[in-house]
Amino acid sequence: MRATSAVRPTAGTGAGETSTAGTGTAGTGTAGAGACTAGRRPRARAGAALLVLPLGLGALAACTSEPVDPARAGTVVVSADLPFASLNGATAAGRAPGSVLVRGLVQSGFTSLAPDGTVTVDESFGTVEKVADDPLTVRYTIAPTARWSDGVPVGPADLLLEWAARSGQLDEVVPELDADGAVVSTSDDVVLFGAPSAALTRASSVPTVDGATVTVVYDVPVADWEVALDVNLPAHVVGRWALDPDAPPLPTVAPSVPAATSTATPAAGDGPATTPAATQPASPSTSATPATTGDATPGEQDTADADADGDADAEAGAWAQAVVTAVQQQDRAALVPLSRVWRTAGRATDVASDPTLTTTTGPYVLAQVDASGVEVVRNERYAGDAAASYDRVRLRTDLDPLAQVDAVDDDAVDVAAPVSTRDVLAAAEDLEDVAIGTGGDAVLQLVVQEGAGGVFDPASHASAPDPAAVAAGLRAAFLASVPREEVVADAVRPLWARAQVSDVVAAQVAPAASTAAPGEPTPAPERAADPVTVRVLTNTADPVRSVALDLITDAAADAGMAVVPVDADPAQTLRTRPEDWDAALVPVAQDDLPVAAFVARWRSGGATNVTGHTDPALDAVLDALAAQPVRAEAADALTSAAQALRTWGAVLPVVRTPALTVTAVRDPESDPGLPVVADVPVLTPAAADLTWWWGWTRR
């Protein structure tokens, strides 16, 4: 019989729980599917044979009499259906959950962001200080232990490059963007980074540099100043690829991003038509550490290695300085190719083609990228406070949810974070010797379309004595009919036992003060004599949202409202076709600028205001919030804004979506040759920063 331990909270999630299944005795461990089971720990279910082995793992022993590959003990395999797209965290591809997950493993910086909005400073990388309030002045001091994975020290050039990209001050045109926010086409002969930040656009002056210190002055205060600027792509790598006429071209542009056709300037990575001599270092190398040849003695070899390192550092420093000069002098001839390379250099196709483009700052560094996922290895150059605990980490993205569970059962995967459904959870609960973590991810909210001629638009009730009052009454009636407790009980609690109704309007932002439950919406009016049709947009392929929609439909009918599902792509329709829906049931993920994102979502005319919500009184609160640099006071303003939105009937938070993580529980003596992992929190893909999740892979 399988034994299950008492439920205990999962570290790092704040809303998770973990149970440990199985107490079977283990014999000699083997990894991979189809292995002989003699001597293994007993299984409650037979795992399906896996035809695809982990990245680079190779064929492992077929029976327990065979020794396990020694490298397996130092290699952790994680499985999640979150494909990696880019190392550039300022692009749409780099903000995709799979990219956020990989960057949290390979990239270190000044700060990291927890799911609740807490900001942590990594002093082994540097410090971020607010040194003045009027004007808001922020000072970044780079620690001597902050180094890129090629050994080059992190420097002011890396921050200046990111300011140039995110401030929008140097962009010459407004880019054409697709529905996901990615630049789809632009001329090759303009300066265009195309990634303005809501915070850094308020810092219009070029930051000043003094040794290892960079100072940013904001034109107006911003609430997200602690996380507004950080190291992203290496300036010395981007500088060389952009400005060295001898550098090879960047890999072929991905099909989804049209190739440039202009003949005025060479294609991305070919270098500018002319490179100013003042910014061009001599004889750049293609490697941070050139190889030495010949029959050298050990002493001579050490000297040669030191000289090679010195030459490489000097060359890298020259390219970094070229970036500094280009930004400070606003040298257009250099900025055109720099912006072009910056937009594209971090893509998965690029880093798979040239190891130079995998240069990062964290305890691990990318070693392999392919259709199965990514593989990272220990960064031997890392000198920070969170060194790697394992030699390798493989992130597999090639398995469906049930196959992920089977892979844990077969010791081919050590940690799996499959989509949480009833059959997947049941399969995990059938396993022996696993820890099952459940928790909450993005907040599922019902948002109301107040414009575009829909049922909740006052313009649709122009013949009424008070159109706004009619629309407000219908909003209140609809939202009051939503059976939140039933949605939690029927859709989420079977997957996450601790699930509760959520009152979090501001998603995963700021400290706990901002999550105080606002007052309930205005009580519903009497049942309408004539049925009112409400078109609800949601992803019915998701079991949780499908069950929730069924419950909402039944409850609305009792209030005289007919809910009709919108048969369209939710992501596209939400942003581009407001006339097609009256309400949307959507998960709201965390943003890398949490306060700015909340303001943009709810301010009148906000960049991501998809509901048409307009409220001058709320706008005043949001404007003050956007300019509030004191975290505690910003939390109070968030609470006030959330209360106003709930009272108005603009939004109704329902519940956090469920998340599931399954971890193999092993003992080093009874499972020799296999990695032992512990204290793995529930993976929440909706988080804007997943550095905290990888804490179990660091010392």
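Please read these numbers as outputs of a predicted model, since none were measured by experiment.
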Donor-acceptor pair, distance only, cut-off 3.5 Å: does the side chain of S389 make one with the backbone of R698?
yes
Does L652 reach the side chain of Q445, with side-chain heavy atoms less than 4.5 Å apart?
no
Between D667 (side chain) and S670 (backbone), is there a donor-acceptor pair under 3.5 Å?
yes
Partner of V424 under side-chain contact (heavy atoms from CB on, under 4.5 Å), picked from V662, V419, D400, L660, is L660
Which atom pair, heavy atoms only, marks the closest approach of P565 to L549?
CB-CD2, 3.9 Å
Is there a side-chain contact between V78 and L101 in this structure, where contact means two heavy atoms from C-beta onward sitting under 4.5 Å apart?
no
Could you check whether any side-chain N or O of T538 sits under 3.5 Å from a backbone N or O of L585, counting only pairs where one atom can act as donor and the other as acceptor?
yes
If we only count heavy atoms from C-beta on, is the L645 to W602 side-chain gap below 4.5 Å?
yes
Inter-residue atom distance L431.CG - I436.CD1, 0.5 Å rounding
7.0 Å
Any T697 side-chain heavy atom under 4.5 Å of L105 side chain
yes
With distance as the sole test, does R95 use its side chain to make a donor-acceptor pair with the main-chain N or O of A90 at under 3.5 Å?
yes
If you apply the rule side chain to side chain contact (heavy atoms under 4.5 Å, CB included), what do you find for D441 with R656, and how did you get there?
CA-CA 6 Å; D441 194 18; R656 290 192 184 275; 6.0 Å; no
Judged by atom type as modelled, is there a donor-acceptor pair below 3.5 Å linking the side chain of S502 to the main-chain atoms of P653?
no
Between R484 and D503, does any side-chain N to carboxylate O distance fall below 4.0 Å?
yes
If every non-hydrogen atom of A80 is compared with every non-hydrogen atom of L683, which pair is closest and at what distance?
CB-CD2, 4.3 Å
If you round to the nearest 0.5 Å, how far is CE of M561 from CG of D582?
10.0 Å
Looking at D689 and R103, is any side-chain nitrogen of the basic one under 4.0 Å from a carboxylate oxygen of the acidic one?
no
Which atom of T684 lies closest to which atom of W692, heavy atoms considered
OG1-CZ2, 3.3 Å
Salt bridge D414-R666, side-chain N to carboxylate O under 4.0 Å:
yes
Counting distance only, does the side-chain N/O of Q449 pair as donor-acceptor with the main-chain N or O of A584 below 3.5 Å?
no
Shortest non-hydrogen separation from A556 to S481 and the atoms involved
CA-OG, 3.9 Å
Does T661 reach the side chain of V415, with side-chain heavy atoms less than 4.5 Å apart?
yes
Any sub-3.5 Å donor-acceptor pair from D224's side-chain atoms to V227's backbone N or O?
no
What are the two closest heavy atoms between V504 and V443, and how far apart are they?
O-CG1, 3.5 Å
At what distance, to the nearest 0.5 angstrom, does CG of D423 lie from CG of L402?
5.0 Å
For V501 and E485, run side chain to side chain contact (heavy atoms under 4.5 Å, CB included): C-alpha distance rounded to whole Å, both residues' side-chain angles, the deciding distance at 0.1 Å, then the answer.
CA-CA 6 Å; V501 167; E485 290 284 0; 3.7 Å; yes
For residues D122 and T111, determine if any side-chain heavy atom of one lies less than 4.5 Å from a side-chain heavy atom of the other.
no
Kindly indicate whether the side chain of V102, heavy atoms from C-beta on, has any atom under 4.5 Å from the side chain of L366.
yes
What distance separates D580 CG from Q572 CD, expressed to the nearest 0.5 Å?
12.5 Å
CA sep, side-chain torsions, deciding dist, call: H613, L618, side chain to side chain contact (heavy atoms under 4.5 Å, CB included):
CA-CA 10 Å; H613 180 68; L618 176 63; 3.7 Å; yes
D433 CG to T663 OG1 distance, which is reported to the nearest 0.5 Å
12.5 Å
List in chain and number order the residues that pass ring-ring contact (aromatic ring centres under 6.0 Å, His included) with F456, two or more places apart in sequence or in another chain; answer none if no residue qualifies.
F478
So do the side chains of V586 and R545 get within less than 4.5 Å of each other, counting heavy atoms only?
no
So does Q107 get a backbone contact from the side chain of Y364, meaning a donor-acceptor N/O pair under 3.5 Å?
no
Is the backbone N or O of D409 less than 3.5 Å from a side-chain atom of E432, with the two atoms forming a donor-acceptor pair by type?
no
Does the side chain of W648 come under 3.5 Å of the side chain of E450 through a donor N or O and an acceptor N or O?
yes
Just by modelled atom types, is the T611 backbone N or O under 3.5 Å from a matching donor or acceptor in the N609 side chain?
yes
Do the side-chain N and O atoms of Q404 and D406 include a donor-acceptor pair separated by under 3.5 angstrom?
no
Output the distance between atom CG (L495) and atom OG1 (T438), rounded to the nearest 0.5 Å.
8.5 Å
Apply side chain to side chain contact (heavy atoms under 4.5 Å, CB included) to R498 and Q500, showing your working.
CA-CA 6 Å; R498 294 185 184 177; Q500 299 291 333; 5.7 Å; no
Shortest non-hydrogen contact from P97 toward L82:
CB-CD2, 3.9 Å
Between N88 and S86, is the side-chain hydrogen bond (donor to acceptor under 3.5 Å, both in side chains) condition met? List the steps.
CA-CA 5 Å; N88 188 341; S86 176; 5.5 Å; no
